[in-house]
Amino acid sequence: MRTAAREQHGRSMGVLTLGHVVCRPTRAEADDALHHYAEEGADWAAVDNLMALQGLHAQSFTPEMLATFRSRFAAGHGSAPLVGTPDDVATEIARYAKAGFAGMTLAFLDYVAELPYVAQEVFPRLERLGVR
């Protein structure tokens, strides 16, 4: 996309992506929190309706792909999972930056409760990894 923008339109651009964050001091705590809200607490009828509205029940998808989509929609509207310890989350965000993404929106189940922890624990790790 960046090449096409530059070559066809003489413009530069960045590409963003989105992820849902479940960051806790241990991987087990993060996995448990994700399971609690995105499995046990999921509104599966709403998830299936949302996927249908976006055409994600096409016959070209395997059952395994649909199961992955379904759990990701329950967890974060289909966004990339950023789940684990502060090191895990920072490493995964750095991987997206290295792949060429110019930025990433971060979604949380509870911004007020979770963003301060991520800002304190993950952002400094990203800076040390050269991601800002």
Side-chain angles (χ1 to χ4, degrees):
M1 292 179 72
R2 290 189 307 247
T3 301
R6 184 178 55 254
E7 291 178 358
Q8 296 174 17
H9 304 285
R11 301 181 73 153
S12 65
M13 64 173 276
V15 177
L16 305 176
T17 191
L18 65 153
H20 56 276
V21 179
V22 182
C23 186
R24 302 291 188 275
T26 69
R27 179 66 193 214
E29 289 173 283
D31 288 341
D32 287 348
L34 178 66
H35 181 78
H36 176 72
Y37 88 80
E39 293 292 330
E40 295 171 3
D43 181 343
W44 291 113
V47 168
D48 291 336
N49 285 334
L50 180 59
M51 289 176 64
L53 287 170
Q54 295 193 0
L56 292 178
H57 288 297
Q59 297 296 317
S60 60
F61 294 122
T62 67
E64 295 80 16
M65 291 169 74
L66 286 173
T68 297
F69 295 161
R70 194 169 187 246
S71 70
R72 286 196 181 169
F73 269 81
H77 205 278
S79 63
L82 303 168
V83 180
T85 67
D87 285 331
D88 296 334
V89 172
T91 299
E92 190 66 7
I93 292 171
R95 191 173 72 87
Y96 280 90
K98 184 177 181 182
F101 287 95
M104 188 169 209
T105 62
L106 302 177
F108 301 87
L109 180 63
D110 183 343
Y111 280 95
V112 173
E114 298 178 62
L115 184 59
Y117 180 72
V118 169
Q120 178 183 334
E121 297 295 332
V122 175
F123 294 173
R125 286 168 168 83
L126 287 171
E127 287 186 42
R128 287 193 293 274
L129 292 170
V131 178
R132 183 76 179 126

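To the nearest 0.5 angstrom, Arg95 atom CZ is 9.5 Å from Phe101 atom CZ. The distance from the CD atom of Glu92 to the CG atom of Asp87 is 13.0 Å, given to the nearest 0.5 Å. One distance of note links CG of Asp31 with CD of Glu39; it measures 11.0 Å at 0.5 Å rounding. Between the CE atom in Met65 and the OG1 atom in Thr62 there is a gap of 5.5 Å [rounded to 0.5 Å]. Asp43 CG to Asn49 CG: the interatomic distance, rounded to the nearest 0.5 Å, is 8.5 Å.
Side-chain contact between Arg125 and Ile93 is absent, with no heavy-atom pair separated by less than 4.5 Å. The shortest distance between side-chain heavy atoms of Val89 and Val118 does not fall below 4.5 Å. The shortest distance between side-chain heavy atoms of Phe108 and Cys23 does not fall below 4.5 Å. Between Leu82 and Met104 the shortest side-chain heavy-atom distance falls below 4.5 Å. A 4.5 Å side-chain heavy-atom check between Met51 and Val47 finds at least one atom pair inside the cut-off.
With side-chain heavy atoms closer than 4.5 Å counting as contact, directly or through intermediates, Leu16 stands alone and belongs to no larger hydrophobic cluster.
Linking ILVMFWY side-chain heavy atoms closer than 4.5 Å, directly or via other members, places Val21 and Leu18 in two distinct hydrophobic clusters. Tyr117 and Leu106 sit in two unconnected hydrophobic clusters of ILVMFWY residues. Membership requires side-chain heavy atoms under 4.5 Å apart, directly or through other members.
In this structure, Arg6 contributes its side chain and Met13 its backbone to no donor-acceptor pair below 3.5 Å.
For Glu127, the salt bridge (Lys or Arg N to Asp or Glu O under 4.0 Å) partners are Arg132, not counting sequence neighbours. Take Tyr37 and apply the side-chain contact (heavy atoms from CB on, under 4.5 Å) test, not counting sequence neighbours, and it matches His20, Val22, Leu34, Ala75, Leu109.
Closest approach of Ala30 to Val83, counting heavy atoms only: CB-CG1, 3.9 Å. Counting all heavy atoms, side chain and backbone alike, Gly14 lies closest to Ala102 at CA-CB, 3.8 Å. When all heavy atoms of Ala119 and Pro124 are compared, the pair lying nearest together is O-CD, 3.4 Å. Across all their heavy atoms, Ala74 and Ala38 have their closest contact at CB-O, 3.4 Å. Residues Leu129 and Ala94 share a closest heavy-atom pair of CD1-CB, 3.9 Å.
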>> Using the rule given for side chain to side chain donor-acceptor pair (under 3.5 Å), can you reason through Thr85 versus Asp88, listing the C-alpha separation, both sets of side-chain angles and the distance that settles it, and then say yes or no?
In response: CA-CA 5 Å; Thr85 67; Asp88 296 334; 3.2 Å; yes
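Using the six-membered ring where Trp is involved, Phe73 and His77 have ring planes that are tilted, between 30° and 60° apart.
Pairs of residues two or more places apart, or lying in two chains, that qualify as salt bridge (Lys or Arg N to Asp or Glu O under 4.0 Å) and include a residue from residues 11-25 are Arg24-Glu114. Note on residues 98-109: no pairs pass salt bridge (Lys or Arg N to Asp or Glu O under 4.0 Å), not counting sequence neighbours. Note on residues 60-82: pairs passing salt bridge (Lys or Arg N to Asp or Glu O under 4.0 Å), not counting sequence neighbours, are Asp48-Arg70.
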